[in-house]
Each structure stands twice: as structure tokens, then as C-alpha cells.
**Student:** 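Take a look at this one; I'll ask things after.
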There are 4 protein chains.
Amino acid sequence: MKADERKKMILEYAKRLFSRKGYYNTQISDIVHEAKIARGTVYQYFKNKDDLFVTLIRNFYNEWERNISLGMHKIDLKTIDPVDYFFFRVRNTLQFLANDADLCNIVLRMGIGLSGGLESSIRRFEKKIQNLIIADLRLGIRNNHVRKDLNIEMTSNLITGALLRTALYFFTHKKNRINPAEIEKITREITGIFAPAIFIQKNI
Amino acid sequence: MKADERKKMILEYAKRLFSRKGYYNTQISDIVHEAKIARGTVYQYFKNKDDLFVTLIRNFYNEWERNISLGMHKIDLKTIDPVDYFFFRVRNTLQFLANDADLCNIVLRMGIGLSGGLESSIRRFEKKIQNLIIADLRLGIRNNHVRKDLNIEMTSNLITGALLRTALYFFTHKKNRINPAEIEKITREITGIFAPAIFIQKNI
Amino acid sequence: MKADERKKMILEYAKRLFSRKGYYNTQISDIVHEAKIARGTVYQYFKNKDDLFVTLIRNFYNEWERNISLGMHKIDLKTIDPVDYFFFRVRNTLQFLANDADLCNIVLRMGIGLSGGLESSIRRFEKKIQNLIIADLRLGIRNNHVRKDLNIEMTSNLITGALLRTALYFFTHKKNRINPAEIEKITREITGIFAPAIFIQKNI
Amino acid sequence: MKADERKKMILEYAKRLFSRKGYYNTQISDIVHEAKIARGTVYQYFKNKDDLFVTLIRNFYNEWERNISLGMHKIDLKTIDPVDYFFFRVRNTLQFLANDADLCNIVLRMGIGLSGGLESSIRRFEKKIQNLIIADLRLGIRNNHVRKDLNIEMTSNLITGALLRTALYFFTHKKNRINPAEIEKITREITGIFAPAIFIQKNI
DNA sequence: GATGAATGAGTCTTCATTCAT
DNA sequence: CATGAATGAAGACTCATTCAT
């Protein structure tokens, strides 16, 4: 097997195991046993267990960065309905998270208990998502779509928490695969809950 | 030192360490070193490391059960403004979590990565809080305060996620102690965000 | 067993094994097997294999520093015959090295092949002994006992090499214990070889 | 590249690495990386790591045997000044060792810590050189040049130790290349130190 | 009850060697 | 011949737990 494929394959098995059993309860033995390869092979492709884990997370980020703004460039910020904008953002995020339940589980659930660098590598994701929300809220205020008296720090926390928990709940707890239609429906509900309190209702 | 005090003291040190470093990165050595007691002493009071951890969590639950309905019995569900009811619930929850940043950190952040029973012992808290919210929403619908077309499963997730993240953000990330006035303010903001979409607006 | 005794005992077994098989061919398993203790016990007393080794060497140095000038303070440098002074120095050194064939073997024979800090910790001994010789030669020149045209760097190397090799040869190669009388004899021979070329022959 | 050249090239890289880092700290990886060849190629030319090392040492011996008596056949043992004879021997030995600092380092410094056969393969060199000295001393006694009361075992050790340490000191510690003139000078000093004690001074 | 020395199963990691391409 | 992916035995080190004092 070529180096590239083998590396990908090891990452795949590791991801599943880390997701199901966590970092510390996943042994290199488990990975090589599942992948039916020799113990040393893992170390040909990854410096150590940490490296394996961090590579997984890094890949996740890269993927996310590529996906989060998918289709957004077509949007004209001046003319789009701010509620639609919110809707797009939420849907893109959920769609992305729905793609990989294992990574979703790892990134959203693994909390403290990872030593040193590992934890912060995980935490970064939440920060990134929250920063995006903050930026969007500020943009909305400048464009007169979002209520000026909104507590941005607070609201960004509420939305981030609500969003991530929804993803975790629907994409990892529930076993059956989630289809785009369902994500559309979930997104509509989330938008319905947050929109009234956030946006300036122009045409009532 | 009396047996009871000694046990409490060990739990206290363990809590701080588990909170800061996680379960797997906290060694019995760390605990006995911090507590300035002998290695074996821990085992006089706890069957093993797991027991120590589970006892911590169990105490947390008992405390929570005692606190969550604090002052609620005085309320007449027939006459209270549903928004006030929501407000009370949120405040009680936040107040409770604000009391112990370490346990807050453990319960809200420790995710997968705990073997077997440990994880589920942690997960139970989120389920309990969500069930409470679901019960409250149903009650509201029966009493004609909450919109009938609300997706309860969905909404309970949004509120749970928003609430827990807020608690984590303000009570563990921020170093300075949170005072009741601040909690009051935070609670008002949360209520302000969720109320418009959840409750039937009778008097507009 | 008390901590102090146990530590000493482990060092003793480690010394013998390091001496006979070298650093890399001595496994922690070998040590615990010989000492009839558990694997972990070694790590209760030493941070790691390196630490065990370095402790051994450090003890050797401390011992040497204490021994090298043994009985020298009684000597009046102005009146003593310089050849006798040389004789005393050589005898003290040999006597010290004869006491512990294993450490002698480790310090004199273990060369390159020890990673990083380990090697330099060994090398220090040779430097120390050579520096002592250099200091003595300079002293001799100042006191008009040693020939002024002597190449000190060169000569110190010759004496160091000759001395250490003799120690290695007689104290570790030969199995039978060396007694003081033999050391006396060896010392006389060494003195006999070097004295004519080094000292100014006053009374011929 | 031809098989012969390739083998020589691998030996060259191995020698440098063994000399700098020792046997156990030199990995096959290091060698193939330095030589920019594939991992398996080494095993096309050498049975294993041991074989690589032993070949290195064997080459050294062959070279030494060829060199040690260089120019000695022209000498008439009956007429040559014994001090000159000693001088020639020392110079030849030093000249040979000065040629290859890396091998000098390996052979003179690598002590215990090599498993089984490897160590004895190294030790042989010291024995050979000492045996040569012993033979020369005996020859000197027979020819009435060397003092009859000399302790041969002892003296051979002193000379061997002095000689090897000098080689190590000047040819591996010192970075700058040693030229023939310097070797000549060093040889003269060594001869100056040992000659007075060893030879019968006929013409004073 | 308290102590802390001792235990040893369990893990990660290394690295010489093999072998199909 | 050359390659480099794969192997797996071997070794260092950790740490929860026990138990004699």
C-alpha cells in the first residue's frame, strides 16, 4: 500500500477509536489491531500518539475552513435578508458537522483531560466558531440588521452553545444518518428561535 | 482529623486537580502530594480512583437536586408570568453552577475519554437538565403560555446548550468571581433572547 | 528495607552489571532480576536509567575527591623529596582505583557510545586526574624539582595514560584481589620509569 | 555505482557515525540517511549491523599490520641505536593512528558496552600493540640494550597506555590536522621520557 | 487510622531486519 | 541491484493498588 493511503487508513481507524473510547482509552494496540497492521507501522507515519491525534484535528480544521464559507461568496451582503444569511451560516455549519460524526464527537465532546497541547488544539475549534458569530453580529449591527443593544459576547455564547449541542445531539447521539432535508428543517427551527430576538423587524 | 473531615478534604483536593488536569492526567500521587497525606490514606476512604471520582460527581448531583427548585415551591404556577418562571429557572441553574467552578468544569467539559461507567456518570447531568427543560416546556404548553407549534426536543437542546456554555464561559474561563448581580444580568439577557420565540405574547 | 539501604543496594547491583555488560547491554530487567525486586522499585529511587548511571559516577567522583589527597596534608612541600611526592600521588590513585574494580572498569573503559550527557559525565574523571598531574608538574617546576624544559601537556598525557592503563590492567583484567604490598610495588616501578626523565637529579 | 565502491562508501559513512555517536547511538537509519541510499541497500552488502562494525575494525587491523613495520626491514638490528629503534616504533604507530581520527576514536575509546564479540574485536588492538612492545623489550634485553631488571609486563602497560592516550588526545580531541613534523616532535618527547629508564646508557 | 515502600501489569516507543516490487 | 514499506520483538517507564509496620 502506498504511503499516502496507509496514512489515511490509519487516521481513519484512529478517528473511530478516539471517538468511541477517547484518547486515553484508545491504545496503539487497539488501532493496529483494528487496522490489521504491525505496531511499528503507526510510528512510520506518525511521530507518536499525540501526533496522530493532532493530525486528525488539524485535518478537521482545514476541512472546516474550506467548508464554512461554501456558497457564501455568491451572496450580496447588501441585499440579502439578514435572516437568510443567519440561516445559511447555521446550515453550512450543521451540514459540515453532520458529515463526520466521529470527528464531531471528538471535537465537541473531548474536554479537559487531554494533556498540554492536545486540549488547546481541540478548544481552538469552539473559539473559531464563536469568533465567526461575533464577526457576523458586528457586521449585522453595522448594516442596521441586528439590534444595536444586543450583548454580543453573551449572544455569541448562546448561539455557539445551542449550535454545538444540537450538532452533538443529532449527529452523534442519534444513530440513523441525517439527510440534508432534516438539516434544512433543524436549521429553520434554530433560525426561528434566535431571529426574533436578534434582528430588527423592519416590516411588521 | 476526624474521618469525615479527612474524606471531605481529599475530595476537595481531588476536585481541584481533576478540574485542572482531567481524570487521566491527575495521579493519586498528585492528590496525596497536594493534600500532604500518605499514598495509602486515599484508599482508606475510597475504594479506588474511580470511586473517588464518582463520589465527587454524586455529591454534585445531590447538591444540584437540592438547589434547582430552591424557592420554586413558593410560586403559584397558575398566576406567575411564564417569562418570570423561565427567568427563575435560568437564574437558579446559573447560580448553582457559579458556586463551584471546578465541578462546573468537570461536569461540563469532561467528555469522552473516561472509561465505561465514568463517562455516563458525567453525561447524566446534561440529560437531567434537559429533561427538566422539556418538562417545563410541556407544562407551559398545557398552561397555554408556550407556543404549541414549538419543537420541544429541538428547543430543549438549544436552551441546554446555550445555558451550559454560558456557565462554562463565565464561571470557569473568567477568573474573577461572579456575583449575584451579574448572574441576574446574565439571566435577563438569556431570557430576553429566548422568550420572544418561545412564549405566546398575550399582551402586545 | 529502608529507603537509603534499598537505594544503595540497587546502585550496587547496577554497578556490577554496568561494569560487566556496559550501559546499553544492561537492562532494567537485569537489575531487578539480580536484586530480586520489582521493576517499579528502581523507578522509586531513580528517575530513569540515565539517572541511575549518573548517580553511580557522581558517587565515584565524590569518593575520589575525598581520597586523592589522603595523607598529603602531613607533607611539607619544601622538604619532601619530589620523587617521594610523585610516589605518594601514584600510590594514592592506584589504591583508590584498586578498591572498586567495577567502577574502575566503568569509568576507565566506557567510552563513546553513551549518549549526550552520559559520556561527558564519564570523561570528566580523566580530565580531573590529568589536571591534577599538570598542577603537580607546575608546582615541581616552581620548586626547582622538575626539569624546566619539560613539555607539560605531553608529559601529563603520558602519565595519565600510563596510570589509567595500569589500573585497568591490574585491577579489572586480573581477577585476583590486589593487596597493598602489590600496589606499593607497582607504584615503585611506575615511579622508577618516570622519575629519571622528569626530575632534576641533584645528587649524582 | 560498482559494488565495491558502494560497499566502501557505506563503510565510510558508518565509520564517521560510529566514531561520533558510538555503536548503539548510531542507527541504520542514520547511515542510510547520510549516505542517501535505501534502508535495504545496507543489507545487500553487510549481513547486519554487527557485520558492518566488525568489517570496519578488521580493515583497521589489516591496515595496521601493513603499516607498523613500515621501513623497519631496512634496519640492521645489530647496529641501530636502540633509542632510535624505540623512536621509529613510536613514530610509526602515531603516524598510523593520526591518519584516521574516526577509526582511532572507535578503536581507542569504545570500551565496554558492546555486546559479546564486538568488544573483544576492539580489545584485540590494544593487546596486539602491547604484545609488540613486549616482544621489542625482550629483544632489547637479549641484545643488551635494555636493562635486565625491567619489569616487562609493567613497562609494556605504561608505554601502551601513554602511547594510546597521546594518540587519542592529539588526533581526536584536537580538531586541527596533525602534520608529520608535529608527530616527529611528539615522538621525540615520548622517547625522551621513556628512554632514560629503559635503556642501558652505554656512552655517558 | 496512617504510612510509604513495593509491586507488576500495561503502554508507548524504538529499531534492526525482511521482502515484495 | 535498489528500494522503502512493513514487521514485531524488546525495552523503558508509569501508576493504581496493596500491605506490613
Side-chain angles (χ1 to χ4, degrees), chain A residues 1-7 10 24-32 35-52, chain B residues 1-3 6-7 10 23-33 35-52, chain C residues 1-7 10 24-32 35-52, chain D residues 1-3 6-7 10 23-33 35-52:
Chain A
M1 194 181 288
K2 284 222 198 76
D4 237 38
E5 294 174 57
R6 175 58 42 116
K7 189 168 184 175
I10 293 173
Y24 289 103
N25 287 307
T26 298
Q27 269 66 62
I28 297 292
S29 305
D30 297 335
I31 296 171
V32 302
K36 293 192 212 320
I37 55 174
R39 191 162 274 277
T41 305
V42 171
Y43 290 89
Q44 194 128 51
Y45 296 96
F46 302 95
K47 217 163 69 59
N48 50 33
K49 200 179 159 187
D50 270 33
D51 184 33
L52 185 51
Chain B
M1 195 181 286
K2 284 217 202 81
R6 170 75 32 125
K7 189 168 185 177
I10 294 173
Y23 182 80
Y24 288 103
N25 287 309
T26 298
Q27 270 72 256
I28 297 292
S29 305
D30 298 334
I31 296 171
V32 301
H33 185 257
K36 294 190 212 321
I37 56 174
R39 208 150 248 281
T41 305
V42 171
Y43 291 87
Q44 214 100 42
Y45 296 96
F46 302 94
K47 214 162 71 59
N48 51 33
K49 196 181 167 187
D50 272 31
D51 184 32
L52 186 52
Chain C
M1 194 181 286
K2 286 224 197 73
D4 237 39
E5 294 174 58
R6 176 59 42 113
K7 189 167 185 176
I10 293 171
Y24 289 102
N25 287 308
T26 298
Q27 269 67 61
I28 296 292
S29 305
D30 297 335
I31 296 171
V32 302
K36 292 191 213 320
I37 57 174
R39 191 163 276 277
T41 304
V42 172
Y43 291 91
Q44 194 129 52
Y45 297 96
F46 302 95
K47 217 163 72 55
N48 50 35
K49 199 179 161 186
D50 270 33
D51 183 33
L52 185 51
Chain D
M1 195 182 286
K2 286 217 201 79
R6 171 72 34 122
K7 189 168 184 176
I10 293 173
Y23 182 81
Y24 289 103
N25 287 309
T26 298
Q27 270 72 254
I28 298 291
S29 304
D30 298 334
I31 297 171
V32 301
H33 184 256
K36 293 192 213 320
I37 56 174
R39 207 151 249 282
T41 305
V42 171
Y43 290 87
Q44 214 100 42
Y45 295 96
F46 302 95
K47 213 163 70 57
N48 51 32
K49 196 180 165 188
D50 271 32
D51 183 31
L52 186 51

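Because only heavy atoms are used, hydrogens play no part in the values below, and waters and symmetry mates are left out as well, while side chains stay in. Just so it is clear: chains get the letters A, B, ... in the order the sequence lines come, proteins before strands, and each one is counted from 1.
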**Student:** Measuring only between side-chain heavy atoms, which start at C-beta, is V32(D) closer than 4.5 Å to V42(D)?
**Tutor:** yes
**Student:** Under a 3.5 Å limit for both distances, which nucleotide forms a Watson-Crick or G-U wobble pair with dA6(F), could you say?
**Tutor:**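 WC or wobble partner is dT17(E).
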**Student:** Using whole Å, what does the distance between atom P of nucleotide dG11(F) and atom CD of Q27(C) come to?
**Tutor:** 4 Å
**Student:** Report the distance from atom CZ of R39(B) to atom CD1 of I31(B), rounding to the nearest 0.5 Å.
**Tutor:** 10.5 Å
**Student:** Could you say whether V42(D) or D50(C) is positioned toward the 5' end of DNA chain F, judged by the nucleotide with the nearest heavy atom to each?
**Tutor:**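 Upstream on the strand: V42(D).
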**Student:** Which atom pair, heavy atoms only, marks the closest approach of R6(C) to Y45(C)?
**Tutor:**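 The pair with the smallest heavy-atom distance is CG-CE1, 3.3 Å.
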**Student:** Distance check needed: dT7(F) P versus I10(A) CD1, whole Å only.
**Tutor:**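 For the pair I10(A) CD1 and dT7(F) P, the rounded distance is 10 Å.
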**Student:** Mark yes or no for whether D30(A), through its side chain, and Q27(A), through its backbone, hold a donor-acceptor pair below 3.5 Å.
**Tutor:**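 The answer is yes, because a donor-acceptor pair under 3.5 Å joins these two groups.
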**Student:** Whole angstrom is fine here: how far is it from OH in Y45(B) over to P in dT17(F)?
**Tutor:**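 The distance from OH of Y45(B) to P of dT17(F) comes to 18 Å, rounded to the nearest Å.
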**Student:** What integer distance in Å separates D30(D):CG from dT14(E):P?
**Tutor:**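 So the CG-P distance, D30(D) to dT14(E), works out to 13 Å.
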**Student:** Over how many whole Å does the gap from I31(B) atom CD1 to dC15(F) atom C1' extend?
**Tutor:**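 Interatomic distance, CD1 of I31(B) to C1' of dC15(F): 12 Å.
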**Student:** Counting distance alone, no hydrogens or angles: does the base of dT17(E) have a donor or acceptor under 3.5 Å from a partner atom on the side chain of R39(D)?
**Tutor:** yes
**Student:** Check the side chains of D50(D) and Y23(D) for a donor-acceptor pair under 3.5 angstrom, ignoring hydrogens and angles.
**Tutor:**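 Short answer, yes.
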**Student:** Hey, does A3(C) reach any base, or is it just sugar-phosphate, or nothing, if we go heavy atoms under 4.0 Å?
**Tutor:**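 No contact at all - A3(C) keeps every heavy atom at 4.0 Å or more from the nucleic acid.
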**Student:** What's the CD1-P distance between I28(D) and dT14(E), to the nearest Å?
**Tutor:** 17 Å
**Student:** Return the value, rounded to whole Å, for the distance between atom CD of Q44(D) and atom C1' of dA20(E).
**Tutor:**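 Taking atom C1' of dA20(E) as the reference, CD of Q44(D) is at 13 Å.
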**Student:** Need to verify one output field. Residue with the more 5' nearest nucleotide on DNA chain F, K47(B) or A38(A)?
**Tutor:** A38(A)
**Student:** Reckon T41(B) has a side-chain N or O less than 4.0 Å from the OP1 or OP2 of dT3(E)?
**Tutor:** yes
**Student:** 5'-most contact on DNA chain E: K36(C) or T26(A), nearest heavy atom basis?
**Tutor:** K36(C)
**Student:** Looking at every heavy atom in both N48(A) and Y43(A), which two are closest together, and how far apart are they?
**Tutor:**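 Here N48(A) and Y43(A) meet closest at CA-CE2, 3.9 Å.
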**Student:** How close or far is atom C1' of dA2(F) from atom CD1 of I37(D), stated in whole angstroms?
**Tutor:** 9 Å
**Student:** Looking at Y43(C), I'd like to know whether one of its side-chain N or O atoms comes within less than 4.0 Å of OP1 or OP2 on dT14(F).
**Tutor:**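 Checking Y43(C) against dT14(F): no side-chain N or O falls below 4.0 Å of OP1 or OP2.
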**Student:** Does the side chain of Y24(C) get closer than 4.0 angstrom to OP1 or OP2 of dG11(F) through an N or O atom?
**Tutor:**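 Result: no.
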**Student:** Look at the side chain of N48(B) and decide which nucleotide, out of dT13(E), dA6(E), dT17(F), has an atom nearest to it.
**Tutor:**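 That would be dT17(F).
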**Student:** Taking any heavy-atom pair under 4.0 Å as a contact, classify F46(A): base, sugar-phosphate, or nothing.
**Tutor:** nothing
**Student:** Looking at R6(A), does any N or O in its side chain come under 4.0 Å of the phosphate oxygens OP1/OP2 on dA6(F)?
**Tutor:** yes
**Student:** Quick one: which of dC15(F), dC13(F), dG11(F) gets closest to the side chain of K49(C)?
**Tutor:** dC13(F)
